[in-house]
Amino acid sequence: MRYKPFMRIGTYNINSVRLRIERVIALLREENLDILCLQETKVEDKDFPLRPLQEAGYTHIHYSGEKSYNGVAIISRIQLNNIHTLAFVNSHKRHIAATLPDGTELHNFYIPAGGDIPDPAINDKFAHKLAYCDAIAVWLRQNRKSDAPLIMLGDFNIAPLEQDVWSHKQLLGVVSHTPVEVEKLGRLKDSLGWIDTSREFVPHTEKLYSWWSYRNRDWRASNRGRRLDHIWITPPLKPLLQSSHILKDRRDGEQPSDHVPVVVELMSS
DNA sequence: ATGGTTGGGGTCCAA
């Protein structure tokens, strides 16, 4: 096997892994990924499309799915250990975790989108989203430490910074960018001193998106994006962080997901 | 203020 100095890890909300399996394969190959975490696989475990991924050289594949909704997966060409899932708030399949050979623990999350109305008193889905964020933060504080090497990534369905949305003012009342959610995500981020890898390389003053709605004739022209997909690391991994990219061009082509992948490079330790 | 589009499963829900 040739020398490989960096480990390349990605996250991608695929919005049906069966419909877009060829996109997944192309991403793995063209980005030379070691590990890819998926969200919204929308498939029961018995129907997960294993074979094309194995044929592409990814033999360590773990998933937790359900019919029609939610679902997460980790696709890897590196051995993974201690695969486990956690159910926060309810039984939705929104989390799967694994430990890498160097001991780094990887947590893949699909945080609830939260519905349309940003009021937990009248919208159960928004209440669920807030409770889910709280539950993760509590679990992390009680079970993990900020001096351990951890990666937490996925579709968090929250765009925390003003430049993470196309119009901060116009989206203050829109689920994904409301102050109450941003506050929740901030507390979650503080739980272990998480580092937002994308913003390590792009200043907070610069627009940065990972999702563009289907409800636009021309997503690139209108450019009404939001940064919903994140890769966070704990402080011990910061010196190992080499790069982070949001693969905007993957929003193009036939039948794209409405999200694009985010990829980081970490020095192998 | 409203509506715009997509996927999955099945004639509607979630995003």
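Treat the numbers as computed from the prediction; the structure is a model and nothing was measured. Heavy atoms only: backbone and side chains are in, while hydrogens, waters and symmetry mates are out.
- Between the NZ atom of A:K42 and the C1' atom of B:dA15 there is a distance of 7 Å, rounded to whole Å.
- Rounded to whole angstrom, the span from the CD1 atom of A:I14 across to the P atom of B:dT6 amounts to 16 Å.
- Among the nucleotides B:dG9, B:dA15, B:dC13, the one closest to any side-chain atom of A:Y69 is B:dC13.
- The A:S68 side chain lies nearest to B:dG9 when the options are B:dA15, B:dT6, B:dG9.
- For A:R8 and A:D34, the salt-bridge test fails: no basic side-chain N is under 4.0 Å from an acidic carboxylate O.
- Heavy-atom distances under 4.0 Å link DNA chain B to no residue of residues 224-231 of chain A.
- The side chain of A:R20 approaches B:dT6 more closely than any other nucleotide in the set B:dG9, B:dT6, B:dC13.
- Rounding to whole angstrom units, CD of residue A:E254 and C1' of B:dT6 are separated by 14 Å.
- Looking at the side chain of A:K125, the nearest of the listed nucleotides B:dG9, B:dA15, B:dG7 is B:dA15.
- When the C1' atom of B:dT2 is taken as reference, atom CG of A:D116 falls 12 Å away, rounded to whole Å.
- The P atoms of B:dA14 and B:dG10 are separated by 14 Å, rounded to the nearest whole Å.
- Each of A:Q255 and A:N70 lies near DNA chain B, and the nucleotide nearest A:Q255 is the one positioned closer to the 5' end.
- Other residues, nucleotides and ligands place more than 12 heavy atoms under 6.0 Å from the NZ atom of A:K207.
- In A:R199, the CZ atom is crowded: over 12 heavy atoms of neighbouring residues, nucleotides or ligands sit closer than 6.0 Å.
- Between B:dG7 and B:dG3, the two P atoms lie 22 Å apart (nearest whole Å).
- With both ends at atom P, the span from B:dG9 to B:dT5 equals 23 Å, rounded to whole Å.
- The nearest whole Å value for the distance from the CD1 atom in A:I111 to the P atom in B:dA15 is 13 Å.
- For A:D116, the CG atom sits in a loose shell: 12 or fewer heavy atoms of surrounding residues, nucleotides or ligands are nearer than 6.0 Å.
- Rounded to a whole Å, the CD atom of A:E66 is 13 Å from the C1' atom of B:dC13.
- Each of B:dG10, B:dG7, B:dA15 was ranked by its minimum atom distance to the side chain of A:K67; first place goes to B:dG10.
- Within the 6.0 Å centre-distance limit, the rings of A:H107 and A:W139 are counted as a close aromatic pair.
- Under 4.0 Å is where a charged nitrogen must lie from a carboxylate oxygen, and between A:D258 and A:R226 no such pair does.
- Summarising the geometry, the separation between CG on A:N15 and P on B:dT5 is reported as 16 Å, rounded to the nearest angstrom.
- Side-chain atoms of A:R20 come within 3.5 Å of backbone N or O of A:P256 as a donor-acceptor pair.
- Taking the six-membered ring where the residue is Trp, A:H95 and A:H84 present tilted rings, their angle falling between 30° and 60°.
- Put simply, CZ on A:R94 is 11 Å from C1' on B:dA15, counting in whole angstrom units.
- Both A:P112 and A:Y214 lie close to DNA chain B; mapped to their nearest nucleotides by heavy-atom distance, the more 5′-ward contact belongs to A:Y214.
- Look at the C1' atom in both B:dA15 and B:dG4: the space between them is 13 Å, to the nearest Å.
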